[in-house]
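This is a predicted model, so every value here is computed, not measured.
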Amino acid sequence: MDQRATPTAPLARRVDHVTRMHGRSVPDPYRWLRDPGYPKVTDPEILAYLEAENAYREARMAGSSMLEEALFEELKGRIREDDESVPYPDGDFLYWWKFEPGAQYRDWYRRPREGGEAVRILSEPALADGKAYFRLGAFAVSPDGRLLAWSADTSGDERFELRIRDLASGRDIVTVAPDSLGQPVWTADSKGLVWTQASAEWRPDRVRLYRLGSAPGNDPVLHREETTRWVSVDSTQDRRFLLIVTSESGANDVRLLDAANPEGPARLVRPFQPGLRYSVDSRGDTLFILANDTHPNFRLATAPVAEPGRWTTMIEGSQTRYLRGLVAFTSYVALEERENGIDQVTLLFPDGGVRRVEFPEAVRTASLGTNAEPDAPVLRLGYSSMVTPETVYDYDVAADRLTVRKVQEIPSGYDPSRYASERLMVTARDGVKVPVSVLYRKDYRKDGSGLLHVYGYGAYGIGTPPAFSASRLSMVDRGFAYAIIHARGGDDMGYTWYLDGKLERKANTFNDFVDATRALHAAGFGAPERTSASGGSAGGWLMGVVATQAPETFRAIVAHVPFVDVLNTMLDPTLPLTPGEFPEWGNPIEDPAAFDRLLALSPYDQVKRQDYPALLVTAGLNDPRVTYWEPAKWVARLRAESGSRNPIFLKTNMGAGHGGKSGRFERLREVAEELAFIFMVMDGRL
């Protein structure tokens with residue numbers, strides 16, 4: 001682009017403000033970008049600045065419109081327009097969803113299990129009509145099959161309006177609440193709905209019971225959480241109990257409610273203890289419990305329903321075997337586990353027999369699918385790898401046989417034989433081996449001449465599985481190797497992997513990412529000037545840190561809704577997520593060491609005069625998780641300090657939240673924008 005035609009980047013004004021605590025003084029010159037009326041954002045200067053940033057990005061990217069449109073059509077061509085799910089049984093019916101050609105949202109159907117006409121029971125396109133944003137939340141059919149509880153968010157702020165629909169007439173009969181959050185659960189008699197209410201601070205702190213026929217708004221409270229922990233509800237697989245789960249980062253407790261008498265006394269399985277995580281299912285008079293009380297990678301225990309705190313070990317914890325989830329079916333217990341970082345599904349039978357489901361690839365993702373009934377003689381499973389598209393299997397337990405029910409279709413064409421994936425174990429600076437999953441075309445040359453894209457998250461114990469992505473092919477087919485760096489902070493290599501990337505060990509996440517990227521370069525995958533990186537939310541924090549600490553390692557970085565104003569956010573307990581995050585990152589209000597640690601790792605506070613890579617940063621005006629002002633403040637400071645001429649863009653979705661735009665095709669437009677940015681940086685057009 002001719003330099004004379006380059007639009008002028010917005011420069012936010014600086015206002016002197018200093019945060020003082022523990023004898024430290026931390027300047028915060030862009031604090032004014034936080035609207036004091038949040039979650040409503042009405043300040044004209046703030047809105048004008050965000051719009052100016054959007055206009056600047058659009059002007060600088062004006063030459064990319066044809067590329068973005070071509071990428072959008074390419075991405076869209078990999079999606080089957082009339083896609084539908086494999087029906088799953090629940091009671092007298094089979095349920096599934098379906099997209100009509102061109103539709104952004106799903107229609108939901110059911111038909112009698114023994115055969116009969118399919119009936120559409122919920123139409124997301126109809127509900128989303130005329131709305132800039134739509135997201136379906138709850139979808140829960142009553143045990144008698146007569147009613148549907150459903151909820152939706154129409155702004156991106158994750159406050160869901162909860163309704164009940166009569167499936168015979170297809171009409172909604174009551175609006176239960178405008179501010180639900182999470183999945184509700186029906187009582188055994190199908191006459192009551194147990195749901196969680198979000199507080200004004202967007203923290204679910206109350207469990208309420210709505211009884212059919214009663215006036216909404218006065219639902220009795222079954223549980224109120226007086227701490228800053230979050231509360232959610234669930235049910236056991238045998239539907240005998242409703243579960244009330246209170247949790248904060250890294251710990252929780254569980255209470256049992258009789259599904260036939262939810263207003264009866266709740267039975268606490270084990271009291272809340274910092275660092276104790278456990279989950280519960282039931283079969284008959286036995287509880288099955290996964291807990292990390294004796295080993296970080298969890299043990300499997302049982303307990304009598306009458307004495308839920310008396311745990312007896314079935315499977316001991318193991319350093320190599322990480323127990324991640326369980327479902328207690330009538331005929332067996334199904335375990336989701338990860339052994340040496342590889343997903344496994346294992347069945348435990350009442351006679352003591354153990355069977356592991358055999359899958360076709362060594363490096364993969366595998367998990368339990370939708371299994372809605374108390375027993376599953378045919379177990380629904382999900383599967384993919386970086387080369388193999390998403391596959392739905394039915395596993396016949398008696399016959400020990402997998403049957404393919406659906407393979408993700410790529411209408412524009414996909415030949416897996418053209419691609420290769422591998423798993424590398426690279427050495428981080430402290431000697432720990434970090435796994436990296438890499439996808440590339442078989443004609444990719446590992447001599448440093450190719451392009452490389454690296455992705456990471458590394459937080460909350462949420463691993464990044466080496467799963468298939470059709471969108472990823474747009475990079476790989478243009479000469480990129482695509483690498484997932486399984487940095488500490490996720491649970492990719494077990495729960496200890498998570499513990500080694502939080503609190504005082506959080507720096508491991510950032511070091512792992514930089515060290516793994518450099519190891520990929522050494523192995524012939526790209527070079528710094530041919531490397532891009534991306535991550536979102538907590539992964540956006542990762543992008544912020546590596547942009548500051550190792551800017552020479554990357555040419556372009558995309559940070560989606562990044563958690564980058566870390567210290568200021570953790571100093572503000574009025575924000576909905578902050579109190580529950582203290583066990584994850586530390587409490588800088590009370591702990592000077594945590595204050596210093598978070599200050600050192602806060603991208604906004606560590607911006608300095610240096611050359612930065614090209615940056616695309618996104619935000620959502622209605623985002624309740626990472627507030628819009630975090631990326632806005634960071635970009636403002638970067639713009640003022642960056643010594644390079646590399647572009648720095650801020651894109652704020654003015655009508656969306658943490659997940660960006662809704663609708664399957666609108667999301668692809670945002671992917672196309674990201675890809676176009678990276679491609680234009682790599683070929684020198686930006």
Side-chain angles (χ1 to χ4, degrees), residues 38-39 135 137-138 140 149 151 153 156-162 176-185 193-210 219 221-236 241-257 262 266 268-280 290-292 325 459-462 489 491 495 498 502-503 537-538 561 563 566 569-570 572-587 589 622-627 657-659:
Y38 182 83
R135 177 184 168 193
S151 69
D153 167 18
D157 65 359
E158 299 187 48
R159 288 167 172 85
F160 292 81
E161 184 175 82
L162 177 62
V176 176
D179 53 358
S180 74
L181 191 61
Q183 290 290 328
V185 181
L193 188 70
V194 177
W195 60 282
T196 51
Q197 184 175 29
S199 67
E201 297 78 24
W202 187 73
R203 187 179 301 123
D205 62 355
R206 280 154 291 178
V207 177
R208 291 186 176 272
L209 170 65
Y210 174 75
D219 304 358
V221 176
L222 302 182
H223 178 81
R224 179 159 191 156
E225 187 57 36
E226 301 296 342
T227 71
T228 57
R229 299 171 196 138
W230 286 37
V231 64
S232 61
V233 294
D234 202 348
S235 65
T236 55
F241 296 107
L242 308 181
L243 306 176
I244 297 177
V245 183
T246 61
S247 59
E248 66 182 21
S249 181
N252 69 279
D253 62 31
V254 180
R255 290 171 172 82
L256 308 176
L257 290 178
L268 182 62
V269 176
R270 183 166 285 190
F272 187 94
Q273 300 173 33
L276 172 63
R277 288 183 61 174
Y278 66 95
S279 58
V280 179
L290 286 185
N292 67 343
Y460 298 111
I462 301 173
D491 69 347
Y495 198 73
Y498 160 55
K502 65 180 292 190
L503 293 172
S537 194
V561 290
F563 177 38
V566 177
T569 292
M570 295 306 296
D572 186 354
T574 68
L575 293 173
L577 289 181
T578 295
E581 301 284 82
F582 290 149
E584 189 77 20
W585 316 127
N587 184 344
I589 300 171
N622 300 329
D623 189 345
R625 297 176 182 266
V626 175
T627 50
H658 198 62

The criterion is side chain to side chain donor-acceptor pair (under 3.5 Å); which residues satisfy it with [X], sequence neighbours excluded?
X: Glu581; answer: Tyr460, Trp585
X: Arg625; answer: Glu158
X: Ser235; answer: none
X: Asp572; answer: Arg34, Thr574

Heavy-atom distance under 4.5 Å between the side chains of [X] and [Y], does that happen here?
X: Asp219; Y: Val176; answer: yes
X: Val233; Y: Leu222; answer: no
X: Val221; Y: Val207; answer: no
X: Tyr498; Y: Ile462; answer: no
X: Thr246; Y: His223; answer: yes

Determine the minimum heavy-atom distance between [X] and [Y], stating which atoms define it.
X: Pro579; Y: Pro583; result: O-CD, 4.0 Å
X: Ser180; Y: Leu162; result: OG-CB, 3.6 Å
X: Tyr278; Y: Val254; result: OH-N, 2.8 Å
X: Pro576; Y: Trp230; result: O-NE1, 3.9 Å
X: Ala140; Y: Pro184; result: CB-O, 4.1 Å
X: Pro262; Y: Leu242; result: CB-CD1, 4.2 Å

Could I get the full list of side-chain contact (heavy atoms from CB on, under 4.5 Å) partners for [X], not counting sequence neighbours?
X: Val626; result: Ser537, Phe563, Asp623, Glu630, Pro631, His658
X: Ala266; result: Arg255, Leu257
X: Arg229; result: Glu225, Thr227, Glu248, Phe272

Check your understanding: With no hydrogens and no angle check, is any side-chain donor or acceptor of Asp157 less than 3.5 Å from a backbone partner on Pro624?
Key -> no
Check your understanding: Under 3.5 Å, side chain of Thr196 to main-chain N/O of Ser232, donor-acceptor pair present?
Key -> no
Exercise for review: Nearest 0.5 Å please: distance from the CG atom of Asn587 over to the CG atom of Leu503.
Suggested key: 11.0 Å
Study note, to complete from the structure: CG (Asp179) and OG (Ser151) are apart, to the nearest 0.5 Å, by 11.5 Å
Check your understanding: So Leu256 and Leu243, side chain to side chain contact (heavy atoms under 4.5 Å, CB included) or not? Walk me through it.
Key -> CA-CA 5 Å; Leu256 308 176; Leu243 306 176; 3.3 Å; yes
Check your understanding: Listed by chain and number, what are the ring-ring contact (aromatic ring centres under 6.0 Å, His included) partners of Tyr210, not counting sequence neighbours?
Key -> none
Revision key, fill the gap. Sequence neighbours excluded, the answer for ring-ring contact (aromatic ring centres under 6.0 Å, His included) partners of Trp195 is none
Check your understanding: Who pairs with Arg277 by salt bridge (charged side-chain N to carboxylate O under 4.0 Å, His left out), at least two apart in sequence or on another chain?
Key -> none
Study note, to complete from the structure: Contacts satisfying salt bridge (Lys or Arg N to Asp or Glu O under 4.0 Å) that involve residues 196-209 (not counting sequence neighbours) are none
